[in-house]
Structures are given as C-alpha cells and as structure tokens.
Amino acid sequence: MAAFRELGLAPWLVEQARQMGLSRPTPVQASCIPPILQGRDCLGCAKTGSGKTAAFVLPVLQVLSEDPYGIFCLVLTPTRELAYQIAEQFRVLGKPLGLKDCVVVGGLDMVAQALELSRKPHVVIATPGRLADHLRSSNTFSLKKLKFLVLDEADRLLEQGCADFTADLEVILEAVPARRQTLLFSATLTDTLNELKSLAMNRPFFWEAASEVRTVDELDQRYLLVPEAVKDAYLVHLIQTFQDEHEDWSIIIFTKTCKECQILNMMLRKFSFPSVALHSMMKQRQRFAALAKFKSSIFKILIATDVAARGLDIPTVQVVINHNTPGLPKIYIHRVGRTARAGRNGISITMVTQYDIHLVHAIEEEIKLKLQEFSVEEKLVLDILTHVNVTRRECEIELEYMDFDEKKEINKRKQMILEGKDPDLEEKRKAELAKIKKKNNKFREKVQQTLQEKKQLQMKRKLQKKMERRNKLRAKEEK
Ligand SMILES: Nc1ncnc2c1ncn2[C@@H]1O[C@H](COP(=O)(O)OP(=O)(O)OP(=O)(O)O)[C@@H](O)[C@H]1O
C-alpha cells in the first residue's frame with residue numbers, strides 16, 4: 001500500500017498523521033484521498049473502524065492550507081457526540097495550521113455558537129437540526145464561500161425516520177454554494193446511493209471496500225438465544241463473567257429505548273457494576289460527562305440507545321452486547337462496529353428471543369455471515385434469576401417515581417415547539433387521526449365480517465346442494 005506522502009499529502013500533514021499513530025493509509029484513505037485532492041466529489045463506503053474520518057479530514061486540511069479562509073468546510077453528522085469526535089481529529093491534525101473549528105450541536109447555548117460562527121472558523125462541524133436553526137434565525141455568518149461539504153454517516157442523514165433530518169438538510173443545502181466539493185462517507189451507503197449521488201455531482205468518485213462480508217474479520221459475532229423473561233439475568237451473568245475474566249475490557253450494551261437504557265443502568269449500578277447511561281433524554285451536559293467517564297475507562301460499562309450506534313471511536317471497547325436484536329441489519333452493522341476497530345479484536349453478543357429469529361436471519365443475509373451461538377452455563381443464570389428480576393422491578397418502581405414518562409412527554413412537546421409546531425394542535429391532530437384510523441378499522445372489520453358471512457352462506461348453500469344431490473342419488477339407488 002502507498003505511503004501517505006505518495007497520496008499527494010504535504011510533508012507537514014504526513015508528519016502530523018504519523019504523530020497521531022497513522023503511519024500507513026488504510027484502503028479507504030489510499031483510495032479516496034487522491035481523487036479528493038484532484039477536486040472530485042467522493043462517496044466512500046468502508047467498514048466500521050476503517051479510518052473514514054481521516055480519509056476526509058486529511059485532504060480537506062491539505063486544500064485549506066493552500067488558501068486558508070473561513071468558513072471553508074462544513075461537516076454534517078447525525079449525533080452531537082460524533083460532531084465533537086470529528087472536531088477533535090480536525091484540531092489534532094490541523095494544529096500546525098492554527099485551525100479554528102466550531103462545533104454547532106443542539107442542547108448547548110445558541111448565542112455562544114452564533115458568536116463563534118460569526119468569527120469565521122475554518123471548519124464547522126454540525127448536527128443538521130441546530131445548524132438549520134442558526135441559518136433560519138441569524139445572518140451573522142455565511143456558508144456561501146464554502147469549498148467542502150462533508151456528510152459523515154451520510155445514509156443516516158438522508159434517512160427518513162424518527163429523527164428526520166431532511167427538512168433541515170434542505171435549509172442547509174440552500175445555504176451552501178452549488179460549486180463545491182461534496183464528500184459522503186458511511187459504512188452503509190448502498191440503500192441511499194441514488195439520493196447521495198444526486199448530492200455529489202462533481203465527477204463523483206465512488207469507492208466501496210471489495211469484500212463480500214460487511215463486518216470486519218477481527219469481530220467475533222455471536223448470538224445468545226434467551227427467553228424474554230430471563231434476558232436481564234443473562235445480561236448480568238455476561239457482564240459478571242467478562243469483568244471477572246478481563247478486568248480491563250470496556251463493554252457497550254445497546255438497548256431499544258431510553259427508558260430501558262435508564263432501567264438497565266439503575267439495575268447494573270445496584271449490582272455494583274461501573275456503568276453509565278447515554279440516551280437522548282439526558283441533558284447534553286450529562287451525555288458528554290457520561291461519555292467522558294466511559295472513554296477514560298473510569299466506568300467500564302456504557303448502556304446506550306442507538307444514539308451511540310454510529311461513529312463513536314473508543315479503542316478500549318472489547319465487547320458489544322445487543323440487549324435487543326436490532327430491527328434493521330444496518331443498525332446491527334453500526335452497533336457491533338463499536339468494537340474491533342482499526343485492526344483490533346472484539347466480540348459482539350446479540351440477545352435473541354423467540355420472537356426475533358427472523359431479524360437474525362435478515363442480519364445474516366445482509367452481512368453475509370452466520371452468527372455463532374454463545375454458550376452460557378445456564379445453572380449460573382438460574383441462580384441469580386430471582387435476585388435480578390426483583391432488582392429490575394425495584395428500578396422500574398423508582399423510575400416511575402422519577403416521572404420518566406412524564407419527562408418524555410415534556411421533552412416531546414419541547415421538541416415540537418422548537419420545530420415550530422404547536423404541541424396542543426399536534427395532539428389534537430393526532431387524536432383526530434387516531435379517530436379516523438379507528439373508524440376506518442371499524443369499517444374494514446365490518447366489510448371483512450360481511451364478506452366472511454357471505455362466504456359462509458355460500459359454503460352453507462353449496463353444502464346443502466351437495467347433500468340434496470347425494471340424498472337424491474341415494475333415493476334413486478334405493479329404488
Ligand atoms: N491509517 C491509519 N493507521 C492506523 N490507525 C488509523 C488510521 N486511520 C485511522 N486510524 C484509526 O482508526 C480508528 C477508526 O477510525 P474512524 O473513526 O475514522 O473509523 P470509521 O471508518 O469512521 O468508522 P465508523 O464507520 O464506525 O464511523 C481511529 O481510532 C483512528 O485513529
């Protein structure tokens with residue numbers, strides 16, 4: 001493989017990369033850096049932990065160093081934690097340039113951000129929602145001279161779902177110049193490829209790692225078949241075993257909802273495990289603090305929702321446990337990709353209940369690999385079962401006292417206000433929609449019932465006719 005300097009990078013940048021421990025480029029870097037330096041748009045699809053961040057940070061810094069101004073580059077990313085992580089890479093690699101960066105994410109002071117933006121930082125790293133808010137509400141900065149637009153986790157940014165970025169992206173795309181270089185990266189680009197291609201129109205260079213299997217070889221991927229009711233006992237047993245056998249390992253446990261995340265954290269704490277939670281219902285300051293504690297290995301267990309599924313790069317993570325089987329193979333790929341990064345080994349264990357087997361099949365089909373069973377000594381799980389279940393119940397009751405659901409409702413209403421919607425009106429609309437849905441369902445049920453009755457009547461008549469014919473035949477025979 002070519003060395004960094006053979007890719008066209010300046011010596012100071014090669015030296016800076018070397019100091020960061022990047023001595024030889026990874027395949028995604030070796031393939032994407034030269035076309036980016038040639039001024040082409042780039043779509044890079046490479047496995048988790050393969051160095052996609054440096055694949056865009058290095059060429060952006062190189063071009064910036066030739067003609068430094070602000071705002072030169074905008075990086076969009078789906079989560080706030082990821083924005084800070086990317087900013088750090090820019091800061092470290094761009095140190096000799098005296099790089100000025102600005103992180104623009106939700107949950108933090110908007111005025112301070114607006115002020116920073118007005119000081120024309122070289123690079124802005126933002127989550128789409130907050131940046132769009134700034135664009136809508138102030139004119140203290142301009143993106144009109146931008147040279148680079150980078151979409152990290154690009155497929156997630158274009159996805160329509162619970163956190164839908166499309167409206168915010170529209171605002172941002174209107175604010176950036178048409179003449180720009182667009183760089184799109186993710187470990188899972190393929191199903192949004194056409195939309196992505198429409199964003200990158202400047203002789204786009206598409207690079208995808210040539211590998212049938214979508215996950216890294218260093219990752220040992222297991223599943224654990226567990227009945228729903230005893231899942232937590234298995235989890236406690238797994239953690240205890242890993243902690244006993246590998247004191248220095250860090251573990252991420254992914255959960256389906258914020259509430260589940262919170263309950264599991266409370267429960268693990270009661271078992272004296274050093275755990276912290278990370279989910280979107282926490283205040284931003286708490287989120288950063290939790291992640292910092294986990295990154296510095298003060299707390300070795302992170303329980304998180306999918307807010308931590310993408311991009312986070314924490315080398316000490318040796319184990320990923322999926323407390324629920326992810327509904328989408330793509331989410332599975334990103335979650336388990338939090339371990340076995342940059343050539344290191346790692347293990348993932350996905351808990352599978354009797355209802356999730358089809359999800360595992362879908363995952364296996366997508367990643368082109370069969371998960372292996374993880375064996376557990378069941379007697380040990382049974383020994384702790386009652387204790388774990390009672391502790392969980394205690395935590396659920398405690399959480400009820402903390403008005404978690406109520407807070408969730410308040411957060412939802414706050415979010416609506418921020419999006420310019422009237423929560424009461426939305427509630428009314430939702431109730432009306434539910435009413436219409438109920439009415440439609442009733443109507444559908446009625447139609448179904450009528451059809452069923454008709455069918456039954458027809459069958460009855462047919463049967464009657466058949467009987468009559470048979471009786472007639474029998475009568476004839478008797479004669
Ligand atoms: N050339 C290199 N040599 C050694 N290590 C590298 C190199 N490039 C990047 N790394 C390291 O690899 C790790 C993973 O890189 P990065 O976070 O960019 O991965 P990624 O491909 O963006 O993963 P994900 O899809 O999960 O976001 C980082 O710790 C980074 O410092």
Side-chain angles (χ1 to χ4, degrees), residues 1-7 9 13-34 36 42-61 75-94 125 150-157 183-190 192 207-209 211 214-219 250 252 254 291 295 304 306-318 320 326 329-346 348 367:
M1 182 134 334
F4 271 119
R5 84 195 119 68
E6 288 163 42
L7 305 178
L9 291 174
L13 206 44
V14 176
E15 174 53 24
Q16 204 60 17
R18 194 193 60 75
Q19 281 190 18
M20 245 188 90
L22 323 183
S23 43
R24 295 197 77 75
T26 62
V28 63
Q29 293 160 0
S31 310
C32 296
I33 292 175
I36 298 173
C42 179
L43 287 96
C45 183
K47 292 179 188 181
T48 52
S50 61
K52 292 185 288 293
T53 318
F56 63 79
V57 172
L58 287 168
V60 165
L61 286 174
V75 183
L76 295 175
T77 187
T79 67
R80 300 164 183 182
E81 287 75 13
L82 207 44
Y84 276 90
Q85 189 179 292
I86 296 168
E88 204 173 270
Q89 287 237 17
F90 267 108
R91 240 167 264 165
V92 178
L93 287 167
I125 305 106
V150 184
L151 267 65
D152 188 40
E153 307 295 346
D155 56 324
R156 176 67 193 93
L157 292 173
L183 315 179
L184 310 165
F185 283 91
S186 177
T188 50
L189 279 182
T190 12
T192 38
W207 189 80
E208 188 169 18
S211 163
R214 307 276 309 275
T215 45
V216 295
D217 297 342
E218 292 80 5
L219 177 65
S250 291
I252 299 186
F254 282 106
L291 194 60
K295 272 186 162 174
D306 283 323
V307 76
R310 281 177 181 254
L312 288 186
D313 181 54
I314 305 164
T316 48
V317 176
Q318 287 279 349
V320 167
K330 198 153 98 160
I331 295 179
Y332 172 87
I333 291 173
H334 288 281
R335 278 186 179 188
V336 299
R338 292 319 98 214
T339 184
R341 299 175 68 75
R344 291 183 200 89
N345 290 320
S348 67
I367 64 169

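Source: prediction; values computed, not measured. As the structure lists them, so they are numbered: ligands from 1, and atoms in each ligand from 1. Along the sequence shown, the residues carry numbers beginning at 1.
- Here the options are Trp207, Phe185, Phe56, the test is side chain to side chain contact (heavy atoms under 4.5 Å, CB included), and the partner is Cys42; only Phe185 passes.
- Formation of a donor-acceptor pair under 3.5 Å by the Glu218 side chain with backbone atoms of Gly346 is not found in this model.
- For Lys330, the salt bridge (Lys or Arg N to Asp or Glu O under 4.0 Å) partners two or more places apart in sequence, or in a different chain, are Asp155, Glu159, Asp191.
- The ring-ring contact (aromatic ring centres under 6.0 Å, His included) search around Tyr332 returns none, not counting sequence neighbours.
- Closer than 4.0 angstrom to ligand 1 sit non-hydrogen atoms from Phe4, Gly21, Leu22, Arg24, Pro25, Thr26, Gln29, Lys47, Thr48, Gly49, Ser50, Gly51, Lys52, Thr53, Glu153, Gly311, Asp313, Arg338, Arg341, Ala342.
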Practice task
Please test Arg156 against His334 for side chain to side chain contact (heavy atoms under 4.5 Å, CB included), starting from the C-alpha separation and ending with a verdict.
Solution key: CA-CA 11 Å; Arg156 176 67 193 93; His334 288 281; over 6 Å; no

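- The salt bridge (Lys or Arg N to Asp or Glu O under 4.0 Å) search around Arg18 returns Glu15, not counting sequence neighbours.
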